[in-house]
Undergrad: 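Have a look at this one.
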Amino acid sequence: MKSSIDRIIEKSSNRFPSRNEALQVFSVVNFIVFSWTFYRIFWNIPSWLEHMRIDNILVTAAYILSFALLESAIIFTILYMISWLLPKRLFRDQFVSLSCSVVILLGFGAFLFQRNVKVLYRLSYYELLIYLVFIILGVLLSTLIFSYLFKRFGILPRWIQIIAERMTIFNYLYVPLGILGLLVVLVRNSINLIIGFIQ
Amino acid sequence: MNKRITRRDFLKITSAIPFVPLIKRIDRLHIPFPSQSEQPNIIIVLFDALSARNLSLYGYPRKTCPNLERFSANATVYHNHHSAGNFTTPSTASLFTSTYPWTHRAFNLSSLINPSVIPHNLFRELNGIFTQIVFSQNIYADMLLNQFQKFLDRHVDLDSFSLVGHTFYNHLFPRDANYGMRSYDQFLFVREEAHGSLFLSILSDLITQLNNRIASEKLSDVYPEELPRLANTDVNFELDKVMSGVMSELDQISSPSLFYIHLMPPHAPYVPSSQYRGMFDDGWSPPAKKKHRLAAGVSELRMNELRGEYDEFIANLDSEFELLLDHLQNSGLLENSYVIFTSDHGELFERGATGHSTPLVFEPVINIPLVISKPGQTVREDIHTLTSNVDLAPTLFRIAGLDIPSWCEGSVLPGFGEAVDANRSIYVVEAKSNSTREPFHKATLAMLKGQYKLILYLGYRYYREKIELYDLVNDPEELNNLYPSHPLAKEIWDEFQLKLQEVNRPYQNEEVLQ
């Protein structure tokens, strides 16, 4: 006879998506985060070239790419936790399509926001709170709407899954770049720590 | 003799490795040099973006700095002191290295000192003579100080003594701070620009701004509009808390120390406390000047408003300086220290330009205060000779009893026992849009010689290769361009051209090689 703890563990693990589903969602998150980061890097490169050598730019890029990997992991973890927290029928059963849709929607919103980021510094306390609440409610509401739409029109989740599957190819480029960046950051900081001690 | 390292030898050596850091600590016990106990302290207090032209000490009609005037009563006042650049990076790099921007090459906004120049700096020369402590509230000056980290005994964090907000680089990557700053603070979470981080930066911004609004609400009686802020960051501070922090750091210094204090005010945003807000609503304004072709075109009304706020912020800062001054007097530090009061550059409120993000190098943006109180000085001395901030490092070397290194482009300041070359030229370089690896092709360069100032504008679309010449004695407001008609114009231009060719030569060669 199973103990109550075993039952809780079994129930919890049922709420987590499979490895393949997780990979597809991570790929979409990774693609959006890295694409934006690369866009900003290339936008900045002309000004960096004015005063930085290529090796300086590469090290800076290593720091940035390691953070992009971390950011992808954090966003993915949040989605993973939502899947665990929300009722199975609402999120887990449509994990790939729902997560991808929410991330794409959020990414689009963030893209629009980044283009007009100065507005944030002019907002009052209450306007800022409204923004924050709006974002959270927007995510929850869009999740419910997407969930309804995906159940109503079966072709939509299939399309999104097809897109998510295609996105996995980018992992082969972005994840190694992120890991390489992380290694550069770790090595540089470790070496500088040792040099600092010796000096 | 063929002696092999045995396993026992190897173990002996490796067991000693954990004690290596101790060697460093022993080195820092500061076994006094023979002359070390005789050395006074050196305390450099630098207020960012403080123009000498807006100080009552130098004849400004508004009473902006009564406490600085009190300090100057027993100090040496330099009336004709200039910065080598019109914004923080080139000018502080010049101060640290005693070289002009064409040598140290830190003339872009966030550029660093050229690696070949890094060994030539005041912290290296004074290492071992003074305990060296630095605190900069300016992110760009802090980047430069990071380059000298190995010569510093203590580097106080930029966001120390702040109220709300933080920077990333000094907390996350203290051992690789400049890359941390470039990637995190100037790219991923950069202020007021699209961030490199798509999602988390927005979350970070929202939380930081919420905290800011809560703090602002609490202090709305003191700062009714907004809190003072470190430029280019989201770090807010209260002026008196920062000054208290600086004073607590001063209490801890061991003699002899060199303490470099770089404070943000009165840099924009100009945020005087309520006590000073409106104190210069007197309707006064200086004579209007013709709009310059390279100015942004700000209206006269707006320039006067900003000038008023700036003056009020200076008056606010001066009252805090009084606390510092009293503290120095009461603690006895003023008696046994060289206290140096200066700035890195000034501010402009004329010809349609405001602030210092400008290609212009008129006097208000480059004429900076310099007041030096020597240990035990009881009388005021006024010096009107032309000086530059590249002169400060050689002066410190002289104070420390060192020879002046050959790489110094500045000379010992007048008033320190050296003969003064009244005929020498000093230079100002503004080249934030020019590549640091190329000769000057888009820049504003100025040469000051005697009473004359020659300005060359290079590469600007609507003001290309223009030359202006002003007589600073007979025309201190720089209204009449004498270049087309003055008999000395050609002689001054020829000297400047030669200098320009000399400083451009190494980079022209590099271009040819490439």
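This is a predicted model, so every value here is computed, not measured. Order of the sequence lines sets the chain letters (A, B, ...), proteins ahead of strands, with each chain counted from 1.
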Undergrad: Give a yes-or-no answer on whether the side chains of B:Thr208 and B:Asp234 include a donor-acceptor pair shorter than 3.5 Å.
TA: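 There is no such pair (donor and acceptor under 3.5 Å, judged by atom type) between the side chains of B:Thr208 and B:Asp234.
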
Undergrad: On the 0 to 90° scale, with breaks at 30° and 60°, tag the A:Phe34-A:Tyr174 ring pair as parallel, tilted or perpendicular.
TA: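 Aromatic pair A:Phe34/A:Tyr174 classed parallel.
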
Undergrad: Considering only heavy atoms, which portion of A:Ser124 lies under 4.5 Å from any heavy atom of chain B: side chain, backbone, both, or neither?
TA: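 For A:Ser124, the contact with chain B is made by the backbone alone.
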
Undergrad: Just so I understand: if I count every heavy-atom pair under 4.5 Å between each of A:Ile74, A:Ile32, A:Val185, A:Leu123 and chain B, which residue has the most?
TA: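 The candidate making the most pairs under 4.5 Å is A:Leu123.
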
Undergrad: Using 30° and 60° as the class boundaries, would you call the ring planes of A:Phe146 and A:Phe150 parallel, tilted or perpendicular?
TA: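 Parallel.
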
Undergrad: Judged by atom type as modelled, is there a donor-acceptor pair below 3.5 Å linking the side chain of B:Asp185 to the main-chain atoms of B:Phe168?
TA: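 Yes: the side chain of B:Asp185 pairs with the backbone of B:Phe168.
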
Undergrad: What I want to check is whether the side chains of B:Asp142 and B:His155 have a donor and an acceptor closer together than 3.5 Å.
TA: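 Distance-only check passes for B:Asp142 and B:His155.
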
Undergrad: Counting only heavy atoms closer than 4.5 Å, note whether A:Leu129 contacts chain B via side chain, backbone, both or neither.
TA: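 For A:Leu129, the contact with chain B is made by backbone and side chain together.
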
Undergrad: Does A:Glu21 form a salt bridge (Lys or Arg N to Asp or Glu O under 4.0 Å) with A:Arg92? I'd like the steps, not just the answer.
TA: CA-CA 10 Å; A:Glu21 287 173 316; A:Arg92 163 67 191 89; 3.3 Å; yes

Undergrad: Under 4.5 Å heavy-atom distance to chain B, tell me which part of A:Ile75 shows up: side chain, backbone, both or neither.
TA: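 For A:Ile75, side-chain heavy atoms alone lie under 4.5 Å from chain B.
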
Undergrad: In chain order, what residues pass the ring-ring contact (aromatic ring centres under 6.0 Å, His included) check against A:Phe111, with sequence neighbours excluded?
TA: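 Counting only residues at least two positions away or on another chain, A:Phe111 forms a ring-ring contact (aromatic ring centres under 6.0 Å, His included) with A:Trp36.
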
Undergrad: Heavy-atom cut-off 4.5 Å, strictly under: side chain, backbone, both or neither for A:Tyr131 against chain B?
TA: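 Answer is side chain: those atoms of A:Tyr131 sit under 4.5 Å from chain B.
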
Undergrad: Name the region of A:Asn44, side chain, backbone, both or neither, that has any atom closer than 4.5 Å to a heavy atom of chain B.
TA: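 Interface part for A:Asn44: side chain.
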
Undergrad: Contact part of A:Ala68 toward chain B, heavy-atom cut-off under 4.5 Å: side chain, backbone, both or neither?
TA: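 Neither; nothing under 4.5 Å.
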
Undergrad: For B:Leu188, is it the side chain, the backbone, both, or neither that has a heavy atom closer than 4.5 Å to a heavy atom of chain A?
TA: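 Just the side chain, heavy atoms under 4.5 Å.
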
Undergrad: How about OH on A:Tyr125, more than 12 heavy atoms from neighbouring residues, nucleotides or ligands closer than 6.0 Å, or not?
TA: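 12 or below, so no.
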
Undergrad: What residues form a salt bridge (Lys or Arg N to Asp or Glu O under 4.0 Å) with A:Glu127, not counting sequence neighbours?
TA: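 Salt bridge (Lys or Arg N to Asp or Glu O under 4.0 Å) check on A:Glu127 returns nothing, list empty.
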
Undergrad: Answer with side chain, backbone, both or neither: which region of B:Asn108 has an atom nearer than 4.5 Å to a non-hydrogen atom of chain A?
TA: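 Contact with chain A: side chain only.
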
Undergrad: Return yes if a side-chain donor-acceptor contact under 3.5 Å exists between B:Ser201 and A:Gln114, otherwise no.
TA: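 Distance-only check passes for B:Ser201 and A:Gln114.
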
Undergrad: Between A:Ile191 and chain B, with a heavy-atom cut-off of 4.5 Å, which part of the residue counts as in contact: side chain, backbone, both or neither?
TA: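 A:Ile191 has no heavy atom closer than 4.5 Å to chain B.
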
Undergrad: Hey, is B:Glu430 close enough to B:Lys432 for a salt bridge, meaning N to O under 4.0 Å?
TA: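 Yes, this pair counts.
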
Undergrad: Side chain, backbone, both or neither: which part of B:Arg105 has a non-hydrogen atom closer than 4.5 Å to chain A?
TA: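 Neither part.
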
Undergrad: Is A:Asn116 in contact with chain B via its backbone, its side chain, both, or neither, using a 4.5 Å heavy-atom distance?
TA: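 Answer is neither: A:Asn116 stays 4.5 Å or more from chain B.
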
Undergrad: With a 4.5 angstrom heavy-atom cut-off, which part of A:Val119 approaches chain B: side chain, backbone, both or neither?
TA: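 No part of it gets close to chain B.
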
Undergrad: Looking at A:Met52, A:Lys118, A:Arg115, which one has more heavy-atom pairs under 4.5 Å with chain B than the rest?
TA: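 Maximum pair count with chain B is reached by A:Met52.
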
Undergrad: Tell me, side chain or backbone of B:Tyr184 under 4.5 Å from chain A's heavy atoms, or both, or neither?
TA: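 Contact with chain A involves the side chain of B:Tyr184 alone.
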
Undergrad: Side chain from CB out, backbone as N, CA, C, O: work out which of these in A:Phe113 comes under 4.5 Å of a heavy atom of chain B, or both, or neither.
TA: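 Just its side chain gets close to chain B.
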
Undergrad: Report which part of B:Phe173 has an atom under 4.5 Å of a heavy atom belonging to chain A: side chain, backbone, both, or neither.
TA: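 Contact with chain A: backbone and side chain both.
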
